[in-house]
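Some notes on the structure that comes next.
Note on naming: letters A, B, ... go to the chains in the order of the sequence lines (proteins, then strands), and numbering restarts at 1 for each one.
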Protein chains: 2
Amino acid sequence: MTKQDILAAFHKQLQAGGLKSTRQRDTIVEIFFELDKHISVDELLAEARQVSPRIGYATVYRTLKLLVEQGFANPRHFGDGQTRYDPQFEQGQHDHLICTDCRRIVEFEDPRIVSLLGEVAGAHGFEVTRRRLEIYASCTDTDCPHR
Amino acid sequence: MTKQDILAAFHKQLQAGGLKSTRQRDTIVEIFFELDKHISVDELLAEARQVSPRIGYATVYRTLKLLVEQGFANPRHFGDGQTRYDPQFEQGQHDHLICTDCRRIVEFEDPRIVSLLGEVAGAHGFEVTRRRLEIYASCTDTDCPHR
DNA sequence: ATCTCTGCAAACCATTTGCAGCTCT
DNA sequence: AGAGCTGCAAATGGTTTGCAGAGAT
């Protein structure tokens, strides 16, 4: 799915729920998928205000809530007190490696994880809906402050 | 490690850091390891007050912070707005299955997960410190409100 | 025209902090 | 005695909500 497809799907979902498309929502959604990173509300608001200076926090929060409900965004807590969101382009989920020293975040995806988790959940009588897997680790970057 | 061992280790760690053992801290720590579940601050405070009615929120928060720093407790966010903590009896980590319908939380441990994650992290140049794995799924309990 | 949205400010709520007095070593 | 700790209440900070006016269908 491209950004355009997502915007269209987002509009469709809004309509299906009797909700409305607005300039602010579109601005926020476009920026969210353009930046495509683990963004905080503050960061997203700052970017959105470069397009529409009068956008407020509430609108960003409300729009992100819609995106999460519709499955286009995932909220994450990486331990720095604020919620971060990352876009969901496809149905496949990715996981995260977070460097405990430099806080760098790396996304990865490995099909073996999906199948192993499905198996483990099944053994406990569960059917997987979604997962949250974060591996906290020290990276080997030469510019990581740890080394 | 038994609860007694942990209390002793906790005292030792306190001493090492020039901190003090107090009745309140002991009360909180004992209850925390006795209940042994994913407890919220409110729940822990309520229990602690049955022993020492004048214990305040701040003391519970401060004690949990100590436990987390010392590796005896892990903070978790399961999506209901508050932080929950679970005790760390051993060095082995467990993971969680959370029913998206009835919110039941099941702990599990599977050595295959540890080795797979170690391998995946290594492939990206990371060395695992700890992980957070939550599988959101629907359970097959007959009393789960979903069915 | 109607019903939803927006922006603002106030409200909320979990968590943290300042302080005076108390407790541990 | 001296340093850290407690309980209280106030402060903080991220997130949510009420409301009057603006915008979408």
Side-chain angles (χ1 to χ4, degrees), chain A residues 7-8 10-32 38-70 73-85, chain B residues 7-8 10-29 31-32 38-46 48-70 73-85:
Chain A
L7 199 54
F10 176 62
H11 286 166
K12 196 173 169 185
Q13 292 263 28
L14 288 178
Q15 229 168 357
L19 305 179
K20 291 170 178 170
S21 303
T22 65
R23 183 172 37 77
Q24 292 91 328
R25 284 179 177 169
D26 287 356
T27 299
I28 293 167
V29 172
E30 283 183 25
I31 290 173
F32 178 62
H38 309 85
I39 202 170
S40 67
V41 171
D42 281 307
E43 291 165 347
L44 187 48
L45 177 64
E47 292 288 340
R49 279 188 168 158
Q50 300 204 359
V51 179
S52 304
R54 300 184 49 78
I55 283 186
Y57 272 97
T59 302
V60 175
Y61 275 108
R62 288 187 278 228
T63 304
L64 281 169
K65 193 173 194 175
L66 283 173
L67 287 173
V68 170
E69 284 166 359
Q70 302 182 0
N74 298 303
R76 315 269 180 192
H77 295 270
F78 291 131
D80 60 349
Q82 48 191 336
T83 305
R84 293 174 174 280
Y85 297 81
Chain B
L7 199 55
F10 177 61
H11 285 165
K12 195 172 168 186
Q13 291 264 27
L14 288 177
Q15 231 170 358
L19 306 180
K20 290 169 181 171
S21 303
T22 66
R23 184 173 34 78
Q24 291 93 327
R25 283 181 178 166
D26 286 355
T27 298
I28 293 167
V29 172
I31 291 173
F32 178 62
H38 310 84
I39 203 171
S40 67
V41 171
D42 282 308
E43 291 164 347
L44 187 49
L45 177 63
R49 278 188 170 158
Q50 300 204 0
V51 179
S52 304
R54 301 181 51 77
I55 283 186
Y57 273 97
T59 302
V60 175
Y61 275 108
R62 288 187 278 226
T63 304
L64 281 169
K65 194 173 194 177
L66 284 174
L67 287 173
V68 170
E69 285 167 358
Q70 302 182 358
N74 298 303
R76 316 269 182 193
H77 295 270
F78 291 132
D80 60 349
Q82 46 192 336
T83 304
R84 292 173 175 280
Y85 297 82

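Of the inter-residue distances, the one linking A:E69 atom CD with A:L64 atom CG reads 11.0 Å to the nearest 0.5 angstrom. Rounded to the nearest 0.5 Å, atoms CZ (A:F32) and OG1 (A:T63) are 11.0 Å apart.
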For residues 53-60 of chain B, dump all side-chain donor-acceptor pairs below 3.5 Å to protein atoms at least two apart in sequence or in another chain.
{"residue": "B:Y57", "atom": "OH", "partner": "B:D42", "partner atom": "OD1", "Å": "2.5"}

Ignoring hydrogens and angles, write down the donor-acceptor pairs under 3.5 Å from the side chains of residues 14-29 of chain A, residues two or more places apart or on other chains.
{"residue": "A:T22", "atom": "OG1", "partner": "A:R25", "partner atom": "N", "Å": "3.2"}
{"residue": "A:R25", "atom": "NH1", "partner": "A:K20", "partner atom": "O", "Å": "2.7"}
{"residue": "A:D26", "atom": "OD1", "partner": "A:H11", "partner atom": "NE2", "Å": "2.7"}
{"residue": "A:D26", "atom": "OD2", "partner": "A:H11", "partner atom": "NE2", "Å": "3.3"}
{"residue": "A:T27", "atom": "OG1", "partner": "A:R23", "partner atom": "O", "Å": "2.9"}

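Under the 4.5 Å side-chain criterion, counting only non-hydrogen atoms from C-beta, B:T83 is not in contact with B:V41. No side-chain heavy atom of B:L66 sits less than 4.5 Å from a side-chain heavy atom of B:R62. Counting heavy atoms from C-beta on, the side chains of B:H38 and B:Y85 never come closer than 4.5 Å.
Shown here are the side-chain hydrogen bond (donor to acceptor under 3.5 Å, both in side chains) partners of B:H77, two or more places apart in sequence or in another chain: there are none. Taking B:E43 as the reference, B:K37, B:I39, B:S40, B:R84 meet the side-chain contact (heavy atoms from CB on, under 4.5 Å) condition, with sequence neighbours excluded. Taking the salt bridge (Lys or Arg N to Asp or Glu O under 4.0 Å) definition, one finds that A:R76 meets it with A:D86, sequence neighbours left out.
Rounded to whole Å, the distance from CG on A:L14 to P on C:dT6 is 10 Å.
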Exercise for the section: Carefully, step by step, assess A:D80 and A:Q82 under the rule side chain to side chain contact (heavy atoms under 4.5 Å, CB included). Expected result: CA-CA 6 Å; A:D80 60 349; A:Q82 48 191 336; 4.0 Å; yes

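Two end axes, each from the C1' atoms of five base pairs, can be drawn for the helix from C:dA1-D:dT25 to C:dT25-D:dA1; they diverge by 30°, to 10 degrees.
Contacts between residues 49-69 of chain B and DNA chain D, defined by a heavy-atom separation below 4.0 Å, involve B:R54, B:I55, B:G56, B:A58, B:T59, B:R62, listed by number.
Residue-to-nucleotide proximity on DNA chain C shows that, of B:Q15 and B:Y85, the 5′-proximal contact is made by B:Y85.
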All N/O pairs under 3.5 Å across the protein-nucleotides 20-24 of chain C interface:
{"residue": "C:dC24", "atom": "O3'", "partner": "B:S21", "partner atom": "O", "Å": "3.3"}
{"residue": "C:dC24", "atom": "O2", "partner": "B:K20", "partner atom": "NZ", "Å": "3.2"}

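Chain B approaches DNA chain D over the interval D:dG2 to D:dC8, counting the first and last nucleotide 5' to 3' with an atom under 4.0 Å from its heavy atoms.
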